[in-house]
Visitor: 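Dropping a structure here in structure tokens format, bear with me for questions.
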Amino acid sequence: MRIEIMLEDLVAANRILANENVVDAFGHISVRHPDHPDRYLIARAVPPELVCKEDILEIALNGEVLCGDLRKPYLERFIHGAIYEARADVQSVVHSHSRSVIPYSVTSEKLSPIVHSCAPIGAHVPVWDAQTTFGDSNLLISSVEMGRDFAKVLDQNNAALMRGHGCTVAGRSIRGAVYTAVYLEVNAELQMQASRFGSITFLSEGEIRIISERLANAKPNEGYDRAWEYWCRRAGIAYHPSATE
């Protein structure tokens, strides 16, 4: 039963991220398998808005599609496996090309929380540049080696940007990862607007910690779950109240 509900949340997450303009035809979200921590669940290579439960694949951390499934996986699945390999605490990963975030990946301007609801993006959002290790490339993380290199830059942070490419969020649940991915885009847009008026007062590390802990430890129908219900209704998805990851 647990995996069935998790699959429902994974499908819902794809639809929510599309509806909230975090992903478009490209981008993906995964969740670590609840019974086999050395593999994860992710859709086959289809636009997130179209994902159904039947589209979900099981993939090993090295990127191998399991269970004899011959359907095409996402090229950048190596992002997910490398993060799960490096971080036992991570249960869900979102990769997107969130548009307002991109300018922060190609300039010296650092992305950092400016409003309380955006605290879970973390105090430090590093930038990974494929050029540093791999030279000229198509900027896509298309191998285990590139995935592991990115995971080193992500380190223990909740999010990291990819120069000229996009961003990735690591969460301790599907709902937490979706929340952070949505509010990473929100913060990027608000920070860009605020920068027009001069210097910005960012949240302190203490404020970020307190707010993030409150959200993560909230009761059902509060915190991440409250946001999840709102986004489900906006996307026309059935909602169930208890986070199960």
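All values reported here derive from a predicted model rather than from experimental measurement.
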Visitor: Would Arg234 and Glu20 count as a side chain to side chain contact (heavy atoms under 4.5 Å, CB included) here? Give the steps.
Guide: CA-CA 9 Å; Arg234 279 170 55 86; Glu20 299 302 319; 2.8 Å; yes
Visitor: How far apart are the closest heavy atoms of Pro126 and Val153, and which atoms are they?
Guide: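 The answer is CG-O, 3.3 Å.
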Visitor: Please confirm whether the backbone N or O of Glu213 pairs with a side-chain atom of Asn217, one donor and one acceptor, at under 3.5 Å?
Guide: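 A pair under 3.5 Å: yes.
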Visitor: To the closest 0.5 Å, what do you measure between NE2 (His124) and CG (Asp155)?
Guide: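 Output value for this atom pair is 8.0 Å.
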Visitor: For residues Thr180 and Asn158, is any side-chain donor paired with an opposing acceptor at under 3.5 Å?
Guide: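 Judged by distance alone, the side chains do not pair up.
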Visitor: How far apart are the closest heavy atoms of Lys53 and Val11, and which atoms are they?
Guide: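 Distance-wise, the nearest heavy atoms are N-CG2, 3.5 Å.
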Visitor: Does CZ belonging to Phe26 count more than 12 external heavy atoms closer than 6.0 Å?
Guide: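 No, not enclosed.
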Visitor: Does any non-hydrogen side-chain atom of Ile42 lie less than 4.5 Å from one of Pro73?
Guide: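 No, their side chains stay 4.5 Å or more apart.
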Visitor: For residues Val65 and Leu75: do they belong to one hydrophobic cluster (side chain heavy atoms under 4.5 Å, members Ile, Leu, Val, Met, Phe, Trp, Tyr)?
Guide: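 No, separate clusters.
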Visitor: Can you name the nearest heavy-atom pair linking Val106 to Gly164, along with the distance?
Guide: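 Shortest heavy-atom separation between Val106 and Gly164 comes out as CG1-N, 3.5 Å.
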Visitor: Ile29 and side-chain contact (heavy atoms from CB on, under 4.5 Å): which partner among Leu41, Val22, Val93, Ile174?
Guide: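 By the side-chain contact (heavy atoms from CB on, under 4.5 Å) criterion, Ile29 pairs with just one of Leu41, Val22, Val93, Ile174: Ile174.
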Visitor: Answer yes or no: is there a donor N or O on one side and an acceptor on the other, between the side chain of Gln191 and the main chain of Lys110, under 3.5 Å?
Guide: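 Between the backbone of Lys110 and the side chain of Gln191 there is a qualifying donor-acceptor contact (under 3.5 Å).
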Visitor: For atom CZ of Arg71, decide whether the heavy atoms of other residues, nucleotides or ligands shown that lie under 6.0 angstrom number more than 12.
Guide: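 Enclosed: over 12 neighbouring heavy atoms sit under 6.0 Å from CZ of Arg71.
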Visitor: Grab the two heavy atoms, one from Asn62 and one from Phe78, that are nearest each other, plus how far apart they are.
Guide: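 For Asn62 and Phe78, the tightest heavy-atom pair comes out as O-CE2, 3.5 Å.
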Visitor: Quick one: does any side-chain atom of Arg77 pair with a main-chain N or O of Gly63 as donor and acceptor, under 3.5 Å?
Guide: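 Side chain of Arg77 to backbone of Gly63: a pair is present.
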Visitor: Hey, does Leu17 have a side-chain heavy atom less than 4.5 Å from the side chain of Ser96?
Guide: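 Not touching, per the 4.5 Å side-chain cut-off.
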Visitor: Can you establish whether the number of heavy atoms outside Glu49 located under 6.0 Å from its atom CD is more than 12?
Guide: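 Incorrect, the count does not exceed 12.
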Visitor: Any chance you could measure Ile102, atom CD1, to Cys167, atom SG, to the nearest 0.5 Å?
Guide: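 Nearest 0.5 Å value for the CD1-SG distance: 6.5 Å.
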Visitor: Are Val144 and Leu140 connected into the same hydrophobic cluster when the rule is that any two of I, L, V, M, F, W, Y join if their side-chain heavy atoms are below 4.5 Å apart?
Guide: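 No, because Leu140 and Val144 fall into different hydrophobic clusters, even though each may have its own neighbours under 4.5 Å.
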Visitor: So how far is it from Leu61 CG to His33 NE2, rounded to the nearest 0.5 Å?
Guide: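 Result: 12.0 Å between the selected atoms.
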Visitor: In Å, rounded to the nearest 0.5 Å, how long is the span from CG of Leu139 to OG of Ser105?
Guide: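 Going from CG on Leu139 over to OG on Ser105, the span is 9.5 Å.
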Visitor: Step by step, would you call His28 with Val23 a side chain to side chain contact (heavy atoms under 4.5 Å, CB included)?
Guide: CA-CA 8 Å; His28 25 87; Val23 298; over 6 Å; no
Visitor: Give the intermediate values and the outcome of side chain to side chain contact (heavy atoms under 4.5 Å, CB included) for residues Thr168 and Met162.
Guide: CA-CA 8 Å; Thr168 294; Met162 292 105 147; 3.0 Å; yes
Visitor: Quick check against the 3.5 Å criterion: does Ser212 have a side-chain atom that pairs as donor or acceptor with the backbone of Arg209?
Guide: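 Not confirmed, Ser212 side chain does not pair with Arg209 backbone.
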Visitor: Quick check against the 3.5 Å criterion: does Asp69 have a side-chain atom that pairs as donor or acceptor with the backbone of Leu66?
Guide: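 A pair under 3.5 Å: no.
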Visitor: Please examine the side chains of Tyr239 and Asp225, heavy atoms only from C-beta on, and report whether any two atoms are closer than 4.5 Å.
Guide: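 With C-beta onward as the side chain, the pair touches.
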Visitor: Under the side-chain contact (heavy atoms from CB on, under 4.5 Å) test against Arg44, which residue among Leu57, Val51, Ile56 passes?
Guide: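 Only match with Arg44 under side-chain contact (heavy atoms from CB on, under 4.5 Å): Leu57.
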Visitor: Under a 3.5 Å threshold, yes or no: a donor from one side chain and an acceptor from the other, between Asp149 and Trp128?
Guide: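 Judged by distance alone, the side chains do pair up.
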Visitor: Donor-acceptor pair, distance only, cut-off 3.5 Å: does the side chain of Glu207 make one with the backbone of His116?
Guide: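 No, the answer is negative, given that no donor and acceptor are paired below the 3.5 Å cut-off.
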Visitor: Shortest non-hydrogen contact from Ser137 to Ala130?
Guide: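 Smallest heavy-atom distance, with atoms named: OG-CB, 3.9 Å.
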Visitor: Is there a donor-acceptor pair closer than 3.5 Å between any side-chain N or O of Tyr104 and the backbone N or O of Ala188?
Guide: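 Yes, Tyr104 side chain to Ala188 backbone: donor-acceptor pair under 3.5 Å.
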Visitor: How long is the gap from CG on Leu111 to CG on Leu184, to the nearest 0.5 Å?
Guide: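 Separation between the atoms: 5.5 Å.
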Visitor: Which value, rounded to the nearest 0.5 Å, describes the distance between Trp231 atom CH2 and Arg175 atom CZ?
Guide: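 Between atom CH2 of Trp231 and atom CZ of Arg175 there are 11.0 Å.
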Visitor: Verify, without hydrogens or angle tests, whether His36 (side chain) and Asp38 (backbone) share a donor-acceptor contact under 3.5 angstrom.
Guide: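 No, because the side chain of His36 does not come within donor-acceptor range (under 3.5 Å) of the backbone of Asp38.
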Visitor: Check the orientation of His95 and His165. Use parallel for under 30°, tilted for 30 to 60°, and perpendicular for over 60°.
Guide: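 Perpendicular.
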Visitor: For the residue pair Ala177 and Ser92, what are the closest heavy atoms and their distance?
Guide: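 Minimum heavy-atom contact is CB-OG, 3.7 Å.
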Visitor: Kindly indicate whether the side chain of Glu185, heavy atoms from C-beta on, has any atom under 4.5 Å from the side chain of Cys118.
Guide: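 Glu185 does not reach Cys118 side chain to side chain.
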Visitor: Transitively linked via ILVMFWY side-chain contacts under 4.5 Å: Leu154 with Phe134?
Guide: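 Same hydrophobic cluster.
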Visitor: Kindly assign one of parallel, tilted or perpendicular to the pair His80 and Tyr84, based on the angle between their ring planes and the thresholds 30° and 60°.
Guide: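 If you compare the ring of His80 with that of Tyr84, the planes turn out tilted.
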Visitor: Is it the case that more than 12 heavy atoms not belonging to Gln156 sit under 6.0 Å from its CD atom?
Guide: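 More than 12 heavy atoms, drawn from other residues, nucleotides or ligands, come within 6.0 Å of this atom.
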Visitor: Do Leu50 and Val178 sit in one hydrophobic cluster, given that two such residues count as connected whenever their side-chain heavy atoms are within less than 4.5 Å of each other, even indirectly?
Guide: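 No, separate clusters.
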Visitor: I'd like to know if Arg99 pairs up with Glu189 as an ion pair, taking the criterion as any Lys NZ or Arg NE/NH1/NH2 lying under 4.0 Å from an Asp or Glu carboxylate oxygen.
Guide: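 Salt bridge between Arg99 and Glu189, a charged N being under 4.0 Å from a carboxylate O: no.
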Visitor: If you apply the rule side chain to side chain contact (heavy atoms under 4.5 Å, CB included), what do you find for Ile83 with Phe150, and how did you get there?
Guide: CA-CA 8 Å; Ile83 294 173; Phe150 171 73; 3.9 Å; yes
Visitor: Decide yes or no for Ile16 and Trp228: does some side-chain heavy atom of the first lie under 4.5 Å from some side-chain heavy atom of the second?
Guide: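 Contact flag for Ile16/Trp228 side chains = yes.
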Visitor: Is a donor from one side chain sitting under 3.5 angstrom from an acceptor on the other, for Gln131 and Asp136?
Guide: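 Yes, side-chain donor-acceptor contact under 3.5 Å.
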Visitor: Tell me whether Glu76 contacts the main-chain N or O of Ile141 through its side chain, where contact means a donor paired with an acceptor under 3.5 Å.
Guide: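 Judged by distance alone, yes, a pair lies under 3.5 Å.
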Visitor: Is there a donor-acceptor contact under 3.5 Å from the side chain of Arg172 to the main chain of Gln91?
Guide: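 Not at all, since once roles are kept as given, no pair shorter than 3.5 Å links the two residues.
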Visitor: Do Tyr230 and Val115 share a hydrophobic cluster, counting only Ile, Leu, Val, Met, Phe, Trp and Tyr and linking them when any side-chain heavy atoms are less than 4.5 Å apart?
Guide: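 As far as the 4.5 Å side-chain criterion goes, Val115 and Tyr230 are connected within one cluster.
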